[in-house]
Amino acid sequence: MPPGGLFLNNTIKNGFFAVLIHYRRAKRNMAKIRIKDILDGKYAGQKITVKGWVRTFRNDRFIALNDGSCLANLQVVIDFEQYEEAFLKKITTGASLAATGTIVESPGKGQAWEMQAESVAIIGLSDPDKYPLQPKKHSLEFLREIAHLRVRTNTFGAIYRVRHNLIYAVHKFFHEKGFYNVHTPIITGSDAEGAGEMFTVTTLDFDNLPRTPEGEVDFKEDFFARHTKLTVSGQLEGETAALGLSEIYTFGPTFRAENSNTSRHLAEFWMIEPEMAFYDLDDNMALAEEFVKYLVRFALDHCADDLAFLAKRLADEEKQKPQHQRQEMGLLEQLHFVADNDFERLTYSEAIEILRNSKPNKKKKFKYLIEEWGADLQSEHERYLVEKHFKKPVILYNYPASIKAFYMRLNEDGKTVAAMDVLFPGIGEIIGGSQREERYEVLLQKIEMLGIDAQELDWYLDTRRFGTAPHSGFGLGFERLMQFITGMGNIRDVIPFPRFPGHADF
RNA sequence: UCCUCAGUAGCUCAGCUGGUUAGAGCACCUGACUGUUAAUCAGGGGGUCGUUGGUUCGAGCCCAACCUGGGGAGCCA
């Protein structure tokens, strides 16, 4: 800001408003400087101000400053003799501050650029006695308990950044292919999606529930005048959109009230569900494979530093394990492998043959032995196919109709449906999809056979009554993809604030 | 929900066959040093050993139940 006197003189000379506008514009355009850009050398020799959070303060001289724009810290070098001791004591791990100085080539090892600071201002104190994060390795379990602060660690900073890049890549992929993004409802009255237990959404007073004459809760009195729940899938609504827009995708929150306590399940997660008119199962599988490879490649191309850090983290973790439990490939190796190689495609029937003749089945090492066609595949079977037999991602298709959902298209053999699952090492099913049953009579028969109320699905059946068309789609669990790409073993660590049974903190 | 392993300082962990006053590193406090990379060196404070009950002369250690967390399974994405 110019000194007051000069400012006043100029306003008199040039006109008050012109200067005011100029000043405001300058202020508005003064973007905050990101540490990422400094470390890229964009401010070499310039005097600038940088803001961020202290990671460590070494030797009363070196502040490692991080602003989340990238993994690396900016080293801010201060002349400690210039400051009071009481001031230096405030530069603690976790404190936020602004430093002004010149960006110079660093004489030390470990960084190309550093800031020779002229002044430092503390913005927010961080009581070192109470701040839970230390400049040391913390367990993921501990960090999960302080999910509101873990974003300030290297690991979670990297995960958040990768997550953003993948969200962007999802939209970019579909947009460039001409798919339209559709927001399907989060609150749904449909009870027939069949993908799992649902959370009820209500404004009813629990202390004074309206009852029907039969003594049941009367949802006619509820906000929507019916029993409503949180969505478990946007698929049925997505299908209606595809049968008008041709190619669509959804990317929204999904809720499952299952009492699942595993490293691969969340009660609230994000799912991507493309739905395409005039696609058969082969087209569907080809799209799924192209999509996943694109996302993996995008992460490799745009998150190199963060992935390298996560790869090292995983490698260190693997070293703690006994030899036989270790992964053969490192994280980056595995990502390249998936991006560069074709997935194995085989039918359920072929998979059953392989499993039936497999060593663990013959030696009765499987907990669930494969006896005959029609059995549902367990985790151990999927893992065997992916991790032992093929050693690459596998797409299984044409499953028995009896173990799959009602909307999947019945094949000519009358006993299998055009379903497909993409199985990944470590996490199992990452994608589940199918060609949809477009024939009205066949679909209606299935619905009635399963005892689903056809009246509830009347709107859905309309798509088959009027201009029905073959169509396909799949669902990809975004957090499972995140697990694969970041190498994180627990799904609760790849979403900022995980929701799972007994936990809705933050 | 089931199986399994664990719970000792703010964090990560050690603690022998049940036996005196429960230890270490990091963090914190005091001091030294001042081009360091999770800085280093010297000293200091910090514990209801998850909870409750039981066995025993005596329990961090043995037993039971419960709570919490990890791993695996089921349900699935």
Side-chain angles (χ1 to χ4, degrees), chain A residues 55-64 72-81 85 88-89 92-94 104 106-111 114 116 126-146 153-154 193-197 232-235 253-273 288 292 320-321 325 366-368 376-383 403-405 421-424 427-433 474-484 489-495 500-503:
Chain A
R55 285 292 178 79
T56 63
F57 182 34
R58 289 184 296 270
N59 227 342
D60 277 359
R61 185 189 281 274
F62 304 101
I63 302 169
N73 304 320
L74 175 69
Q75 174 153 286
V76 175
V77 185
I78 65 166
D79 175 13
F80 58 85
E81 285 171 349
E85 211 166 292
L88 294 176
K89 287 227 180 305
T92 59
T93 301
V104 298
S106 175
K109 286 174 187 165
Q111 61 280 316
E114 67 183 23
Q116 205 67 47
S126 176
D127 184 344
D129 234 358
K130 293 174 182 153
Y131 188 61
L133 293 173
Q134 302 161 24
K136 69 163 235 177
K137 194 171 155 47
H138 288 289
S139 68
L140 296 172
E141 292 80 13
F142 172 66
L143 293 172
R144 218 170 282 149
E145 291 169 15
I146 49 166
T153 64
N154 286 335
E193 285 162 354
E197 291 296 312
V232 291
S233 165
Q235 183 198 314
T254 309
F255 307 89
R256 304 273 167 93
E258 303 286 350
N259 189 16
S260 296
N261 287 289
T262 80
S263 55
R264 313 183 292 287
H265 290 86
L266 290 165
E268 177 184 289
F269 64 100
W270 291 72
M271 189 155 62
I272 298 139
E273 295 181 287
V292 175
Q320 309 294 317
K321 291 183 186 169
Q325 283 179 24
F366 282 144
K367 197 175 160 202
Y368 298 90
D376 208 350
L377 299 184
Q378 308 293 322
S379 287
E380 58 182 348
H381 307 131
E382 295 178 351
R383 292 186 79 127
I403 59 172
K404 288 290 180 183
D421 284 353
V422 181
L423 308 177
F424 262 40
I427 43 181
E429 186 181 342
I430 195 166
I431 284 178
F474 60 83
L476 176 130
F478 185 64
E479 282 75 17
R480 291 210 180 152
L481 177 81
M482 277 291 294
Q483 276 189 276
F484 180 75
N490 196 316
I491 201 165
R492 295 166 191 177
D493 294 329
V494 297
I495 189 167
F500 51 102
H503 297 270

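Heavy atoms only: backbone and side chains are in, while hydrogens, waters and symmetry mates are out. Naming convention: chains lettered A, B, ... in sequence-line order (proteins, then strands); numbering from 1 in each chain. Treat the numbers as computed from the prediction; the structure is a model and nothing was measured.
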Which pairs would a plain distance check flag for residues 127-143 of chain A, meaning a side-chain donor or acceptor within less than 3.5 Å of a matching protein atom at least two apart in sequence or in another chain?
{"from": "A:Asp127", "atom 1": "OD1", "to": "A:Asp129", "atom 2": "N", "distance (Å)": "2.9"}
{"from": "A:His138", "atom 1": "NE2", "to": "A:Gln134", "atom 2": "N", "distance (Å)": "3.0"}
{"from": "A:Ser139", "atom 1": "OG", "to": "A:Phe142", "atom 2": "N", "distance (Å)": "3.1"}

Inset, instruction - Report the distance from atom CD1 of A:Ile78 to atom P of B:G35, rounded to the nearest whole Å. - result: 13 Å
Inset, instruction - Could you check how far CZ of A:Phe80 sits from P of B:U36, rounded to whole Å? - result: 13 Å
Inset, instruction - In whole angstrom, give me the gap between the P atoms of B:A38 and B:C3. - result: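 About 45 Å, rounded to a whole number of Å.
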Taking 4.0 Å as the cut-off, does a side-chain nitrogen or oxygen of [X] come that near to OP1 or OP2 on [N]?
X: A:Arg58; N: B:U36; result: no
X: A:Asn490; N: B:G71; result: yes
X: A:Asn259; N: B:U1; result: yes
X: A:Arg492; N: B:G70; result: yes

Inset, instruction - May I ask whether A:Phe269 stacks on the base of B:A77, given the cut-offs of 5.5 Å between ring centres and 30° between planes? - result: yes
Inset, instruction - Quick one: stems involving RNA chain B, counted as three or more successive Watson-Crick or G-U pairs, both distances short of 3.5 Å. - result: B:1-7 with B:67-73, B:10-13 with B:23-26, B:28-32 with B:40-44, B:50-54 with B:62-66
Legend entry - Side-chain-base donor-acceptor pair under 3.5 Å for A:Arg480 and B:C76: yes
Inset, instruction - Apply side chain to side chain donor-acceptor pair (under 3.5 Å) to A:Asp60 and list each qualifying residue two or more places apart in sequence or on a separate chain. - result: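 For A:Asp60 there are no side chain to side chain donor-acceptor pair (under 3.5 Å) partners, ignoring immediate neighbours.
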